[in-house]
Amino acid sequence: MDSPFDSEETDTPFSPPPQPAQPVRLSTSTFSAIPQSAVPAIDFRASLNDEQYAAVTAEPGPLLVLAGAGSGKTRTLTYRVAYLLSKGVRPGEILLLTFTNKAAKEMLHRVNDLTGVEPNRFWGGTFHSIGHRALRMFGEDIGLPKNFTILDADEAESLLKQTVDAESKGFFKDKTNPKPGPLFNVISLSRNTQLPIGDTIEKYFPQYKDIAYLIPPFAVAYEKKKREQNVCDYDDLLEYWLRLLQKSPSVTQYFSERFRHILVDEYQDTNTVQAQIVDCIATHHRVMAVGDDAQCIYSWRGADFENIATFMDRHPGTAIHRIETNYRSTPEILNFANRILDAQPHRRAELAKELRAARGHGMRPQVVQTMDDREQADFVIRRIRCLVDEDGVSPSEIAVLYRSHFVAMEMQLALSRAGMPYHITSGVKFFERQHIKDIVAFVRFVYNPADELAWQRIACLLPKVGEKSAQKIHAVAREHAALMRQDLIAVLETDDVKTKVPKGALDDWPSFCASLSEVAETMRAAPPAKAFDMAVNGWYGDYLRGAFADYIDRLEELKALVGFASRYETMQDLLAQIVLLNGETSDRQVDPDAEAIKLTTVHQAKGLEYDVVFVIGVADGYFPGRRAIEDGDVEEERRLFYVASTRAKNELYLCYPKVATRAGPGGMLLEPSRFLKEIDASLYDILKPPRRSYW
DNA sequence: CCTGCATGGCTTTTT
DNA sequence: GCCATGCAGG
């Protein structure tokens with residue numbers, strides 16, 4: 001049972017002396033009082049308020065922390081980690097689970113600042129990335145070969161599409177049937193909620209009631225395909241992890257003995273699988289779940305804030321801590337935000353929190369009405385200039401938030417025109433760029449030749465090769481390889497295989513195959529970055545030169561990818577991170593350290609705070625989104641609006657254009673968001689910026 | 001079977 | 001005003 005992570009906790013200067021193994025027990029005991037001199041002494045009492053202090057220093061055991069927005073939830077969590085360390089708990093005994101990569105990074109960074117303990121000494125990260133680690137260690141116990149690869153959302157969807165096409169020829173031809181995307185969502189949601197597909201459809205997708213019976217076989221076939229190709233989709237990382245824990249007592253024992261303390265951030269956003277995973281590992285009940293039902297914004301992915309309510313049933317003797325003092329926002333912003341929740345049709349009384357403002361007064365939120373997108377962007381830019389130049393606000397303390405990516409389009413253009421540097425956590429991500437995905441697929445195929453999606457991607461780059469030819473080539477190569485007991489890549493150049501290669505592709509074929517072999521060779525002997533380097537310099541390099549006019553720029557990015565790869569020691573880890581870190585934004589920025597304002601979706605802004613926040617597109621149809629309105633369920637959108645508003649510390653601007661220029665049929669008139677209309681007008685000011693002269 | 005053109009349909013949010 | 005899918009040609 002060797003883990004590549006084991007060494008990390010044992011040989012660093014901060015490690016306390018080894019402790020005798022302690023029996024797992026329901027913890028009524030206090031912490032073992034082993035002095036921890038390496039971690040700097042922290043005055044917990046002075047650094048925290050009463051509520052936070054109580055939670056941070058609570059006896060080990062099930063803890064539920066109900067923490068409102070801006071009440072210092074992350075602070076509580078990070079200090080809890082520091083407190084555990086100060087009591088002699090080793091970093092390797094702490095498991096820290098979050099939802100987004102950003103949150104994980106932020107948390108571990110803060111712990112590092114506080115205690116000096118390096119982030120990589122904890123097991124901390126998203127459920128998915130920790131699931132991947134678990135599968136990497138124990139996947140073979142449930143029949144998952146160790147070189148499995150991970151499909152991103154597009155690839156998974158396309159595999160499902162191919163599966164369904166193969167199972168039932170005309171399914172997608174019939175327009176009344178769900179398309180691959182929605183179909184994937186149905187299956188995914190059923191897996192994440194652990195509900196049978198029939199129940200899932202009844203509950204969440206009644207429009208598919210009539211064809212519900214068709215879907216379970218598709219799900220089964222899809223699962224089979226994934227196994228054949230030795231690939232996992234995102235949901236597998238959670239489901240297989242759970243299955244592993246349920247099927248193998250020794251694995252469960254390993255995790256629960258190893259992670260004597262479990263902390264879960266944003267517990268309101270756990271879905272059934274995630275909650276079950278936590279419960280399985282936390283047989284010792286030393287688990288701290290931190291959450292706020294008002295900020296549950298992932299229910300479309302199966303998140304169920306009822307998990308908070310049932311936590312105490314699943315972990316008897318739960319101590320509940322409420323943290324209700326808000327240090328972040330001015331009372332004006334907080335009043336406004338509280339009213340958003342007041343308008344909720346049904347509130348859970350037992351979860352309700354009353355946020356108290358701790359700060360002095362500031363300005364009321366400003367509702368900004370402009371003609372169109374363009375004026376909206378102009379307003380934001382002019383206001384930012386003013387804030388930065390005259391009020392001395394740092395650009396990095398300013399954020400522009402929106403419900404969905406497309407709302408930010410005009411904003412991006414305007415910022416570029418104005419020469420104002422910005423970070424954007426949306427749009428086409430670095431790892432989603434074509435050439436990046438190509439080269440990753442190239443390497444991924446070498447690593448796992450059963451991965452047909454990776455194969456299709458690279459094979460289709462050859463002239464005259466499309467999906468069908470790619471499939472045929474792969475099939476014949478697979479057969480041949482099995483027959484000859486040889487590597488799949490080694491048989492690609494045999495005549496049998498070549499008969500399936502279209503004429504137009506034969507010119508490229510030898511160098512294509514040679515490059516694959518070279519990469520395979522490198523992968524066996526050298527660190528992963530070398531294999532990437534080899535791939536870039538081989539056949540793909542030639543292809544790139546011919547296929548793209550901006551060849552130089554793209555090559556530059558591929559070199560950056562090689563640089564990224566050099567941070568990883570194993571191919572498995574590297575390839576997984578590329579899929580899972582689906583974040584690393586393609587900042588159009590030259591200097592990454594330059595002070596830049598931030599553009600992000602509300603989802604990605606969760607947990608973060610800024611001096612000044614602009615929410616753009618606060619109009620019905622945008623926020624709440626059109627879809628949510630049509631489905632008659634805007635409650636999640638309301639929580640999202642609450643999350644957006646509570647990101648602001650000093651100033652909050654809610655902007656909307658009166659005319660929709662781009663979206664919809666065009667020229668449509670927009671109403672202010674219903675969430676604005678629900679709020680007493682005395683709680684905000686209305687601002688109508690003068691029309692800008694255009695010459 | 002692949003590729004190019006035209007029409008229709010449409011837009012969450014993240015791992 | 002965009003992208004993806006559908007149809008005709010090679």
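These figures come from a predicted structure and were not determined experimentally. Numbers restart at 1 for each chain; the letters A, B, ... are given by sequence-line order, proteins then strands.
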- Indicate whether the side chain of A:H132 and that of A:Q572 have a donor and an acceptor atom separated by less than 3.5 Å.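 The answer is yes; a qualifying pair exists.
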Just list the side-chain donor-acceptor pairs under 3.5 Å for residues 463-479 of chain A, sequence neighbours left out, or say none.
{"from": "A:Q471", "atom 1": "NE2", "to": "A:Q162", "atom 2": "OE1", "distance (Å)": "3.2"}
{"from": "A:H474", "atom 1": "NE2", "to": "A:P449", "atom 2": "O", "distance (Å)": "2.8"}

Send over the distance from [X] [atom1] to [N] [atom2], rounded to a whole Å.
{"X": "A:D165", "N": "C:dT5", "atom1": "CG", "atom2": "C1'", "answer": "13 Å"}
{"X": "A:N101", "N": "B:dT14", "atom1": "CG", "atom2": "C1'", "answer": "9 Å"}
{"X": "A:N192", "N": "B:dT13", "atom1": "CG", "atom2": "C1'", "answer": "14 Å"}
{"X": "A:D631", "N": "B:dT13", "atom1": "CG", "atom2": "C1'", "answer": "14 Å"}
{"X": "A:L413", "N": "C:dC2", "atom1": "CG", "atom2": "P", "answer": "11 Å"}
{"X": "A:I277", "N": "B:dT15", "atom1": "CD1", "atom2": "P", "answer": "16 Å"}
{"X": "A:L608", "N": "B:dT14", "atom1": "CG", "atom2": "C1'", "answer": "15 Å"}

- Task: Measure from the ring center of A:F675 to the ring center of A:F641 and say whether it is less than 6.0 Å.
- Result: yes
- Message: Tell me if the side-chain of A:R403 makes a donor-acceptor pair with the base of B:dT12, cut-off 3.5 Å, by modelled atom types.
- Response: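 Result: at least one qualifying N/O pair found.
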With a non-hydrogen cut-off below 4.0 angstrom, is [X] in contact with a base, only sugar-phosphate, or nothing?
{"X": "A:K472", "value": "sugar-phosphate"}
{"X": "A:F99", "value": "sugar-phosphate"}
{"X": "A:A628", "value": "nothing"}

- Which residue, A:I297 or A:K179, contacts DNA chain B at a nucleotide closer to its 5' end, judged by nearest heavy atom? A:K179
Taking only N/O atoms, report every protein-nucleotides 2-7 of chain B pair under 3.5 Å with atom names and distance.
{"from": "B:dC2", "atom 1": "OP1", "to": "A:G466", "atom 2": "N", "distance (Å)": "3.0"}
{"from": "B:dC2", "atom 1": "OP1", "to": "A:S469", "atom 2": "N", "distance (Å)": "3.0"}
{"from": "B:dC2", "atom 1": "OP1", "to": "A:S469", "atom 2": "OG", "distance (Å)": "2.5"}
{"from": "B:dT3", "atom 1": "OP1", "to": "A:K464", "atom 2": "N", "distance (Å)": "3.4"}

- Query: Of all the choices, B:dT15, B:dT14, B:dT11, which nucleotide is nearest to the side chain of A:T126 once you look at every atom?
  - Reply: B:dT15
- When you measure from the side chain of A:T100, which nucleotide among B:dT15, B:dT12, B:dT11 comes out closest?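 Out of B:dT15, B:dT12, B:dT11, the nucleotide with an atom closest to A:T100's side chain is B:dT15.
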- Hey, are the side chains of A:L415 and A:L599 touching, using non-hydrogen atoms and a 4.5 Å cut-off?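 Side chain of A:L415 against side chain of A:L599, heavy atoms only: contact under 4.5 Å found.
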- Contact under 4.0 Å: A:Q604 side-chain N or O vs B:dT13 OP1/OP2: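 Indeed not, no polar side-chain atom of A:Q604 lies that close.
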- Would you say a side-chain N or O of A:H405 is under 4.0 Å from OP1 or OP2 of B:dT14?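 So the side-chain polar atoms of A:H405 do come within 4.0 Å of the phosphate oxygens OP1 or OP2 of B:dT14, strictly under.
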- What residue pairs, at least two apart or across chains, pass salt bridge (charged side-chain N to carboxylate O under 4.0 Å, His left out) with a residue in residues 154-163 of chain A?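 Every pair satisfying salt bridge (charged side-chain N to carboxylate O under 4.0 Å, His left out) with a residue in residues 154-163 of chain A: A:E155-A:R444, A:K161-A:D165.
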- With sequence neighbours excluded, give me every side chain to side chain donor-acceptor pair (under 3.5 Å) pair touching residues 180-194 of chain A.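 The answer is A:S188-A:N192, A:S188-A:D235, A:R191-A:D233, A:R191-A:D236, A:R191-A:E239, A:N192-A:D235, A:N192-A:N271, A:Q194-A:E239.
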- Query: Which of parallel (below 30°), tilted (30 to 60°) and perpendicular (above 60°) describes A:W539 and A:Y543?
  - Reply: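 Ring orientation, 0 to 90° scale: parallel.
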- Message: I need the A:Q268 CD to A:T270 OG1 distance, nearest 0.5 Å.
- Response: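 Those atoms lie 8.0 Å apart.
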- A:P510: partners by side-chain contact (heavy atoms from CB on, under 4.5 Å), with sequence neighbours left out: A:E493
- For DNA chain B, which consecutive runs of 3 or more Watson-Crick or G-U pairs (each distance under 3.5 Å) count as stems?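 Counting only runs of 3 or more consecutive pairs, the stems involving DNA chain B are B:1-9 with C:2-10.
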